[in-house]
Protein chains: 2
Amino acid sequence: MPHDHTELLKHVKEELPTDEMLQDLGDLFKIFGDTTRIKIMYALYEDEMCVCAIADLLNMTQSAISHQLKTLKDANLVSGRREGKEIYYSLSDDHVKSIINQGFEHIKE
Amino acid sequence: MPHDHTELLKHVKEELPTDEMLQDLGDLFKIFGDTTRIKIMYALYEDEMCVCAIADLLNMTQSAISHQLKTLKDANLVSGRREGKEIYYSLSDDHVKSIINQGFEHIKE
DNA sequence: TGAACATATGAGCAATTGTTCATATGAGAA
DNA sequence: TTCTCATATGAACAATTGCTCATATGTTCA
């Protein structure tokens, strides 16, 4: 017969966050899991920037950047501020920096 | 003519990590960006567990869990320890916990 | 050695995703 | 208004990915 681990499961199940929270957590990290978006966030880490400046920096089309900024904005990771024709984007809060920094700690090994 | 932002770009470019590092960073977060893997890591956050216990906990097949554990192991996020027929997995280091915690801070809003 | 249990793995498929292209919206200048 | 620059967005396509299924490897016990 297969071995038993109901005791362990009982304990772990109690500590595990809800499915919804774990789903949200995964969705958040999914957004960090793309090089383009990481680059955008890292650039905004330094200073607010308009869309075409980011496109220049990453050597990508305006459209591609705009799509990714929408993804980031929908996740409340960046926000935009209009100034004339341009829209300046910046990081929404300091969690973004913290998360990126934690990631860096891990790969520095 | 399009507006100019060479000064800003010059500054940001200096501060930006190398492409390779940003790529690695994205790859790392990509691994966190899946609900199944997040659940596995969260479970191991509590205690080391064998494959079939994780499969039971998440109500998924042994094969699916095994595939994901391989992904996590390849990224040095978990490691396995054989004990008889079973293989007990645990988190490789504390960065995993830190990253998950930082993510949680963000979604708690 | 053979049977049973635990885990790993390769191939295939469906679903997701990032970019491109074309086009739409929005704002300032003439 | 019309032109131009800045940005947003929908559709389509290629590439990636997570799961399933079948099967292989590895360990223990009889």
Side-chain angles (χ1 to χ4, degrees), chain A residues 1-5 8-9 19 22-23 26-41 43-44 48-75 77-90, chain B residues 1-5 8-9 19 22-23 26-41 43-44 48-75 77-90:
Chain A
M1 102 191 97
H3 82 278
D4 182 68
H5 33 55
L8 173 61
L9 287 194
D19 261 41
L22 292 166
Q23 178 77 49
D27 289 346
L28 174 67
F29 285 124
K30 201 170 294 175
I31 294 177
F32 283 80
D34 173 79
T35 311
T36 301
R37 286 191 294 263
I38 283 278
K39 285 180 180 173
I40 293 176
M41 287 188 279
L44 300 181
E48 66 168 11
M49 295 178 76
C50 65
V51 179
C52 70
I54 302 174
D56 262 25
L57 176 68
L58 306 190
N59 207 31
M60 292 179 64
T61 66
Q62 172 269 319
S63 177
I65 300 299
S66 213
H67 276 295
Q68 296 296 15
L69 281 170
K70 175 166 172 47
T71 303
L72 291 168
K73 205 168 67 177
D74 288 349
L77 294 171
V78 307
S79 54
R81 167 181 77 77
R82 170 150 245 148
E83 191 178 313
K85 281 181 293 186
E86 288 118 48
I87 296 181
Y88 287 89
Y89 281 90
S90 55
Chain B
M1 99 192 99
H3 82 278
D4 183 66
H5 33 55
L8 172 60
L9 287 194
D19 261 40
L22 292 167
Q23 178 76 50
D27 289 346
L28 175 67
F29 285 123
K30 201 170 293 176
I31 294 176
F32 283 80
D34 173 79
T35 311
T36 301
R37 287 191 293 265
I38 283 278
K39 285 179 180 174
I40 292 175
M41 288 187 277
L44 300 181
E48 67 169 11
M49 294 178 78
C50 65
V51 180
C52 71
I54 302 175
D56 262 25
L57 176 68
L58 305 190
N59 207 30
M60 293 179 64
T61 67
Q62 172 268 320
S63 177
I65 301 299
S66 212
H67 276 293
Q68 296 296 16
L69 282 169
K70 175 165 172 47
T71 302
L72 291 168
K73 203 168 69 176
D74 288 348
L77 295 171
V78 307
S79 53
R81 166 183 76 79
R82 168 149 245 147
E83 192 179 312
K85 282 179 294 186
E86 286 119 47
I87 297 181
Y88 287 88
Y89 282 90
S90 55

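Note on naming: letters A, B, ... go to the chains in the order of the sequence lines (proteins, then strands), and numbering restarts at 1 for each one.
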Any salt bridge (charged side-chain N to carboxylate O under 4.0 Å, His left out) involving residues 51-74 of chain B? Give me the pairs, sequence neighbours left out, ordered by first then second residue. B:Lys70-B:Asp74
With sequence neighbours left out, what residues match B:Ser66 under side chain to side chain contact (heavy atoms under 4.5 Å, CB included)? B:Gln62
Gap between atoms CD and P, on A:Gln68 and C:dT20 respectively (whole Å): 11 Å
Taking all non-hydrogen atoms of both residues into account, name the closest pair between A:Leu58 and A:Thr36 and its distance. CD1-O, 4.1 Å
Starting at CG of A:Asp74 and ending at C1' of D:dT9, how long is that distance when rounded to a whole Å? 12 Å
A:Asp27 has an atom CG; how far is it from atom P of C:dT16, in whole Å? 12 Å
Counting any heavy atom closer than 4.0 Å, what does B:Thr71 reach on the DNA or RNA strands: base, sugar-phosphate only, or nothing? nothing
Write down the protein N/O and nucleotide N/O pairs, taken from nucleotides 10-15 of chain C, whose separation is under 3.5 Å; answer none if there are no such pairs.
residue	atom	partner	partner atom	Å
C:dG10	O6	B:His67	NE2	2.7

When you measure from every atom of DNA chain C, which of residues 51-59 of chain B have a heavy atom less than 4.0 Å away? B:Val51, B:Cys52
Whether the side chain of B:Arg37 engages the backbone of B:Lys30 through a donor-acceptor N/O pair (distance < 3.5 Å, no angle test) should be reported. yes
Could you tell me which residues satisfy side chain to side chain contact (heavy atoms under 4.5 Å, CB included) with A:Arg81, sequence neighbours excluded, listed by chain and number? A:Glu48, A:Glu83, A:Tyr88
Check step by step if side chain to side chain contact (heavy atoms under 4.5 Å, CB included) holds for A:Leu77 and A:Leu28. CA-CA 9 Å; A:Leu77 294 171; A:Leu28 174 67; 4.1 Å; yes
Measure the acute angle between the ring planes of B:Phe29 and A:Phe29, then classify it against the limits of 30° and 60° as parallel, tilted or perpendicular. parallel
A:Ile31 to A:Ala75 - nearest heavy-atom pair and separation: CD1-CB, 3.1 Å
Given atom CE of A:Met60 and atom P of D:dT7, what is their separation to the nearest angstrom? 15 Å
side-chain hydrogen bond (donor to acceptor under 3.5 Å, both in side chains) against A:Asp4, all qualifying residues, sequence neighbours excluded: A:Thr6
For a quick test of reading the model: is some side-chain N or O of A:Gln62 closer than 4.0 Å to OP1 or OP2 of D:dC5? no
Whole angstrom is fine here: how far is it from CZ in B:Phe29 over to P in C:dG18? 15 Å
Contacts of B:Ala53 meeting side chain to side chain contact (heavy atoms under 4.5 Å, CB included) (sequence neighbours excluded), chain-then-number -> A:His5, A:Leu9, B:Met49, B:Cys50
Nearest-nucleotide 5' precedence on DNA chain C, A:Asp34 against B:Lys73: B:Lys73
What is the distance from CG of B:Leu72 to P of C:dT7, rounded to the nearest Å? 16 Å
Determine: side-chain N/O of B:Thr36 to OP1/OP2 of D:dG18, distance under 4.0 Å, yes or no. no
To the nearest Å, give me how far apart CD1 (B:Ile87) and P (D:dT28) are. 11 Å
If I compare all heavy atoms of A:Leu57 with all of A:Ala43, which pair ends up nearest, and what's the gap? CD2-CB, 3.6 Å
Rounded to the nearest Å, what distance is computed from the NE2 atom of residue A:His3 to the P atom of nucleotide C:dC5? 13 Å
Remember a base hit wins even if backbone is also touched, and classify B:Tyr88 as base, sugar-phosphate or nothing at under 4.0 Å, heavy atoms. nothing
Protein-nucleotides 24-29 of chain C N/O pairs closer than 3.5 Å?
none

Could you pull out all residues at least two apart from A:Tyr89 that satisfy ring-ring contact (aromatic ring centres under 6.0 Å, His included)? none
Residue set satisfying side chain to side chain contact (heavy atoms under 4.5 Å, CB included) with A:Thr35, at least two apart, ordered chain then number -> A:Lys39, B:Gln23
Here's a test of your reading of the structure: between B:Leu69 and A:Lys30, which maps to the more 5' nucleotide of DNA chain C? B:Leu69
In degrees rounded to 10°, what angle is found between the helical axes fit to the five outermost pairs at each end of the helix from C:dT1-D:dA30 to C:dA30-D:dT1? 20°
A:Asp34 vs A:Gln68 side-chain heavy atoms within contact, under 4.5 Å: yes
